[in-house]
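The analysis underlying the following values was restricted to heavy atoms, covering all of them including side chains, and did not include hydrogens, waters or symmetry mates. Residue numbers start from 1 in every chain, and the chains themselves are labelled A, B, ... in the order their sequence lines are given, proteins ahead of strands.
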2 protein chains.
Amino acid sequence: MPAAETTDALNQRLADSGLRSTPQREVVYRVLIGKRDHPTADEVFARVKSELPTISLATVYNCLETLVQCDLVRAVNVERGPTRYCPNLRPHAHFHDEKTGRTHDIDLPPGLLDQVKSVLPPGYDPTSVEIIFRGKATKPSS
Amino acid sequence: MPAAETTDALNQRLADSGLRSTPQREVVYRVLIGKRDHPTADEVFARVKSELPTISLATVYNCLETLVQCDLVRAVNVERGPTRYCPNLRPHAHFHDEKTGRTHDIDLPPGLLDQVKSVLPPGYDPTSVEIIFRGKATKPSS
DNA sequence: CTATATGCAAATAGTTTGCCTGTTA
DNA sequence: TAACAGGCAAACTATTTGCATATAG
């Protein structure tokens with residue numbers, strides 16, 4: 001995916017929400033897309049600084065929150081501790097490797113989320129479903 | 001369930017893990033069992049204090065962590081913010097009502113968790129699966 | 001031009017730690 | 001009577017806020 005394309009997608013979403021395009025938002029988003037290892041705000045901050053040395057941590061928090069509002073990024077809390085950010089828009093679950101502390105994306109087959117939702121009694125109207133596995137991954141990485 | 005019974009269960013688990021039975025651990029556990037509304041550590045602290053006025057917040061954190069280690073209680077992070085505690089040992093999911101901020105337990109049919117686990121590619125060995133729904137609940141409560 | 005976003009520093013919330021004292025088995 | 005647990009205060013981490021300045025549309 002060319003850089004221009006993801007930037008266009010971002011600008012589109014920002015415009016749709018009446019928000020402005022800024023260099024900070026663009027770089028934060030590109031950093032997330034570029035390395036999808038579920039970084040914390042601090043980690044995003046470190047990566048963005050190399051490209052935008054004057055950015056502040058507070059701005060990184062603001063940009064991340066903006067991206068979450070635009071539905072371009074999901075905030076993930078697999079464990080107590082800092083929130084992590086995930087730009088994967090496909091329906092997927094998370095596998096938290098308790099050995100390494102890393103979180104892997106697990107693609108879900110079509111229909112699985114609907115199947116899971118079907119366990120809800122009437123009166124519960126879900127807008128989202130999150131599935132988190134925890135355990136050991138013997139797979140190399142992701 | 002009589003109080004003595006849950007205390008016995010607690011003492012059993014503590015003994016199994018080589019841990020001691022203390023009044024603080026008992027009261028923290030009984031408070032969780034008594035009102036299963038997924039309280040935060042602070043909320044547990046407030047409830048326990050009425051029975052054990054000299055308990056400290058640090059001890060409440062310690063007791064909760066102990067109960068989690070003994071598998072009598074699950075720590076739950078449905079949203080950014082304080083960890084919440086759940087003494088429900090049945091296989092269940094959580095429904096987080098975004099209107100009220102409350103979390104409801106949703107019992108799961110037998111086999112559902114295995115079915116969900118079956119989406120994992122080889123190499124992923126889960127010890128637990130967590131399912132979190134978010135949305136609106138029109139149901140009265142729980 | 002002006003509403004919105006950034007940068008900085010201080011404030012806050014949640015949790016953990018160190019250390020000394022008390023209690024349990 | 002040891003090893004373990006509790007109490008207290010301070011430290012720490014993650015995040016939010018207030019406010020002055022800069023910038024995008």
So what's the dot-bracket for DNA chain C: Watson-Crick or G-U pairs under 3.5 Å, [ ] if a pair crosses, | if it pairs off-strand? |||||||||||||||||||||||||
Sequence-distant partners of B:F133, ring pair (Phe, Tyr, Trp, His ring centres under 6.0 Å), two or more places apart: none
Under 4.0 Å between a side-chain nitrogen and a carboxylate oxygen: does that hold for A:R30 and A:E51? yes
Tell me whether A:D105 is salt-bridged to A:R74, with the criterion being a basic N under 4.0 Å from an acidic carboxylate O. no
Pairs touching residues 108-120 of chain B that satisfy side chain to side chain donor-acceptor pair (under 3.5 Å), sequence neighbours left out: none
First-last contacting nucleotides on DNA chain C - partner chain B, under 4.0 angstrom, heavy atom: C:dG14 to C:dA25
Using side-chain heavy atoms (C-beta onward) and a distance below 4.5 Å, is B:T66 in contact with B:L72? no
Heavy-atom protein contacts under 4.0 Å, nucleotides 6-17 of chain D, coded B base, S sugar-phosphate only, - none: SBB-----SBBB
Validation row: B:R36, B:I33 side chains within 4.5 angstrom (heavy atoms): yes
Could you list the residues that satisfy ring pair (Phe, Tyr, Trp, His ring centres under 6.0 Å) with A:H92, not counting sequence neighbours? A:H94
For A:D8 and A:Q12, test the side chains for any donor-to-acceptor distance below 3.5 angstrom and give the result as yes or no. no
Under a 4.0 Å threshold between the charged nitrogen and the carboxylate oxygen, would A:R84 count as salt-bridged to A:E43? yes
Is there side-chain contact between A:V73 and A:Y29, with heavy atoms separated by less than 4.5 Å? yes
